[in-house]
Amino acid sequence: QVQLVESGGGLVQAGGSLRLSCAASGSIFSINAMSWYRQAPGKQRELVATITSGGRTNYADSVKGRFTISRDNAKNTVYLQMNSLKPEDTAVYYCNQYRFWGQGTQVTVSS
């Protein structure tokens, strides 16, 4: 069965950085697109970034220039490097592959 395990969330001051990781198992990682979503309380779940099997990336306008999605196929892992964090980035961040989701990791950015 496909499993996605996320890590790297935490508490950080505005302007700081975090790197989220998502390790995939039970799937052919290299041929699947991977995405990061986030959801804050009372808000709609938002697509943050996507990376295709060919390495093409797309970002939400709100994070473009600050966040970078990458993948390491040898490690079956996708990353989200988050720089210049803002309080409005506070949310639970979820890794997604097709219809499968990670457990979520909390990111809290203090002002």
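All residue numbers refer to positions in the sequence shown, counting from 1.
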State, without any angle test, whether Ser35 and Gln97 hold a side-chain donor-acceptor pair at a distance under 3.5 Å. no

With Gln3 via side-chain contact (heavy atoms from CB on, under 4.5 Å) - residues at least two apart: Val5, Ser25

After noting the C-alpha distance and the side-chain angles of Trp36 and Glu6, does the key distance pass the side chain to side chain contact (heavy atoms under 4.5 Å, CB included) rule? CA-CA 10 Å; Trp36 287 96; Glu6 303 172 355; 4.1 Å; yes

Distance-minimising heavy-atom pair for Arg66 and Ser84: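 Shortest heavy-atom contact: NH1-O, 3.0 Å.
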
If you compare all heavy atoms of Pro87 against all heavy atoms of Ala14, which two are closest, and at what distance to 0.1 Å? CD-CB, 4.1 Å

All ring pair (Phe, Tyr, Trp, His ring centres under 6.0 Å) counterparts of Tyr37, not counting sequence neighbours: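 Trp101.
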
With Ile51 as partner, the option from Thr68, Asn32, Thr57 fulfilling side-chain contact (heavy atoms from CB on, under 4.5 Å) is Thr57

Flag, side chain of [X] to backbone of [Y], donor-acceptor distance under 3.5 Å:
| X | Y | answer |
| --- | --- | --- |
| Gln13 | Val109 | no |
| Asn96 | Phe100 | yes |
| Arg71 | Thr52 | yes |
| Gln39 | Val92 | no |
| Thr77 | Lys75 | yes |
| Tyr59 | Ile69 | yes |
| Thr90 | Thr108 | no |

Is any side-chain heavy atom of [X] less than 4.5 Å from a side-chain heavy atom of [Y]?
| X | Y | value |
| --- | --- | --- |
| Tyr94 | Thr105 | no |
| Met34 | Tyr98 | no |
| Gln106 | Tyr93 | no |

Test log, rule salt bridge (charged side-chain N to carboxylate O under 4.0 Å, His left out), inputs Lys86 and Asp89: CA-CA 5 Å; Lys86 305 174 180 179; Asp89 295 319; over 6 Å; no

Nearest 0.5 Å, what's the [atom1]-[atom2] distance between [X] and [Y]?
| X | Y | atom1 | atom2 | answer |
| --- | --- | --- | --- | --- |
| Gln81 | Ser17 | CD | OG | 6.0 Å |
| Leu4 | Cys22 | CG | SG | 4.5 Å |
| Leu20 | Phe67 | CG | CZ | 8.0 Å |

Apply side chain to side chain contact (heavy atoms under 4.5 Å, CB included) to the pair Asn76 and Asn73, showing each step before the final yes or no. CA-CA 5 Å; Asn76 292 342; Asn73 289 341; 5.5 Å; no

Tyr79 six-ring centre to Arg19 NZ/CZ under 6.0 Å and within 45° of normal: yes

